[in-house]
Protein chains: 2
Amino acid sequence: MDYVGRLTAHLPMAIRLIMVKADGSVSVHADGGAYKPLNWMTPPCTVRESVGEWRVEHGKTGDALVITIEEILADRSYELGLDPGLQKDGVEAHLQALLAERVEVLGAGWSLVRREYPTAIGPVDLLVRDDAGGSVAVEIKRRGEIDGVEQLTRYLELLNRDPRIAPVRGIFAAQQIKPQARVLAVDRGIECVRLDYDQLRGLDDPTTRLF
Amino acid sequence: MDYVGRLTAHLPMAIRLIMVKADGSVSVHADGGAYKPLNWMTPPCTVRESVGEWRVEHGKTGDALVITIEEILADRSYELGLDPGLQKDGVEAHLQALLAERVEVLGAGWSLVRREYPTAIGPVDLLVRDDAGGSVAVEIKRRGEIDGVEQLTRYLELLNRDPRIAPVRGIFAAQQIKPQARVLAVDRGIECVRLDYDQLRGLDDPTTRLF
DNA sequence: GTATTTATTTCGTGC
DNA sequence: GCACGAAGTAAATAC
């Protein structure tokens, strides 16, 4: 198999599993590497089959996957029908929505200014007002790592240039905060808050919630 | 199917493809979503099969995937044997090697000091000398994003403490540079250069190249 | 074993 | 459609 596109790749002849889905995607799997195929083509793409060769092409990008077939050991096709989607729970968007509804867990008398408060380099998760009327930017993560602290630092730098809301201090809120991230945050005067998802959900009022 | 682990997810009953590989991984596919499974478990994990139910567990993390099986439409098993690995070409290491051989694309009369120039927090992709004898640190990415600018900033901070080479300025070189990364770079006095892989390869002298 | 960086990242979401 | 941030990111590499 040969792939030419964002990179060039070659896969020697061996026994492989080729999966073709209804969405048009083609994946070539080996018996390892967990769920990831060795090579693939995402839709929209076209498959042209000739004797001993499949040519899979992505029209727009020009990516091409050429599969040379020496022998077909099995060729099966199944109708899977409609797919009721996967329901996920506990991702970051949930945390943000839950915390936005219950900003008082950050401090008594605090209120939400807005979610996704825009800055020149992207939106801050939450902008809130503390009980003394001061501005607080909140960055929410499931896993709090150094990247998140850097991100909040950049936001704070920009927000503090805006005289309408400056001074703005920061809160780094996460379900789990890595020690190094906590050290960096504290060093920069950023407060760390651990979020308890189940507790937030318990506080949540089902009649007003978004999910 | 129900997953409890880093998040909680539920997948309603429907016709699915379950793939079990020799490495022990289990993936549950729908007829869409390209190569990505709806849910999966990476090795090492154990599968316990009982009547109408598979219980897949990751011992260390406690993640668990419970698959309820109403009907088996097909159950096939194939030996794939040994897998000669995938050979890739055109990734970041290549860009670095190509640019190292043709630093003059950055400026006439420029020369390479060394690739992977070491600092206390890791190696800089390239350290070069411009036509006036000044030091320039080059960070190379396929896709230039904010992270890369932060990385180069940290390197520059350290390199500029070294009196043997200071002052050192920075160049952020990438095949594609995101607007926000460019803004941040310019704000920090870092020059941005767009790399053309095919052009670099064209300039490359095949008799001296590393690949 | 831990931390860092890449990835044909893919994927969703806001503008 | 573009750009940006999240992902059960996973996987490879350096330390």
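Residue numbers begin at 1 in each chain, while the letters A, B, ... track the order of the sequences. The figures here come from the full heavy-atom set of this structure, side chains too, leaving out hydrogens, waters and symmetry mates.
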Please set out all donor-acceptor pairs under 3.5 angstrom arising from side-chain atoms of residues 182-190 of chain A, sequence neighbours excluded.
{"unit_1": "A:R188", "atom_1": "NH1", "unit_2": "A:E150", "atom_2": "OE1", "d": "3.1"}
{"unit_1": "A:R188", "atom_1": "NH1", "unit_2": "A:T153", "atom_2": "OG1", "d": "3.0"}

Contacts of [X] that satisfy side-chain contact (heavy atoms from CB on, under 4.5 Å) - sequence neighbours left out:
X	answer
A:V66	A:E53, A:R55
B:R164	B:Y117, B:D162
B:L7	A:K88, A:V91, B:Y3, B:A9
A:D75	A:I72

Which pairs count as salt bridge (Lys or Arg N to Asp or Glu O under 4.0 Å) when at least one residue sits in residues 167-180 of chain A, sequence neighbours excluded?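 Residue pairs passing salt bridge (Lys or Arg N to Asp or Glu O under 4.0 Å), neighbours aside: A:D130-A:R169, A:E145-A:K178, A:R169-A:E191.
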Not counting sequence neighbours, which residues clear side chain to side chain donor-acceptor pair (under 3.5 Å) with A:Q175? List them please.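 Side chain to side chain donor-acceptor pair (under 3.5 Å) list for A:Q175, sorted by chain: empty.
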Please enumerate all residues that pass side chain to side chain donor-acceptor pair (under 3.5 Å) together with B:H58, with sequence neighbours excluded.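 With sequence neighbours excluded, B:H58 shows a side chain to side chain donor-acceptor pair (under 3.5 Å) to no residue whatsoever.
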Run the side-chain donor-acceptor check on residues 32-49 of chain B: report pairs under 3.5 Å with partners two or more places apart or on a different chain.
none

Which nucleotides of DNA chain C pair, in dot-bracket form (Watson-Crick or G-U under 3.5 Å, | meaning another strand): |||||||.|||||||
For A:A22, does its backbone N or O pair with a side-chain atom of B:D31 as donor and acceptor, under 3.5 Å?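 The answer is yes, because a donor-acceptor pair under 3.5 Å joins these two groups.
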Residues from residues 11-31 of chain A sitting under 4.0 Å of DNA chain C, heavy atoms only?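 Result for residues 11-31 of chain A: none.
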Produce a footprint string for nucleotides 2-7 of chain D: one letter per nucleotide, 5' end first; B if the base is under 4.0 Å from any protein heavy atom, S if only the sugar-phosphate is, - if neither. --SSSS
Using the side-chain heavy atoms of A:R114, tell me which of these nucleotides is nearest: D:dG8, C:dC15, C:dT8.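 That would be C:dC15.
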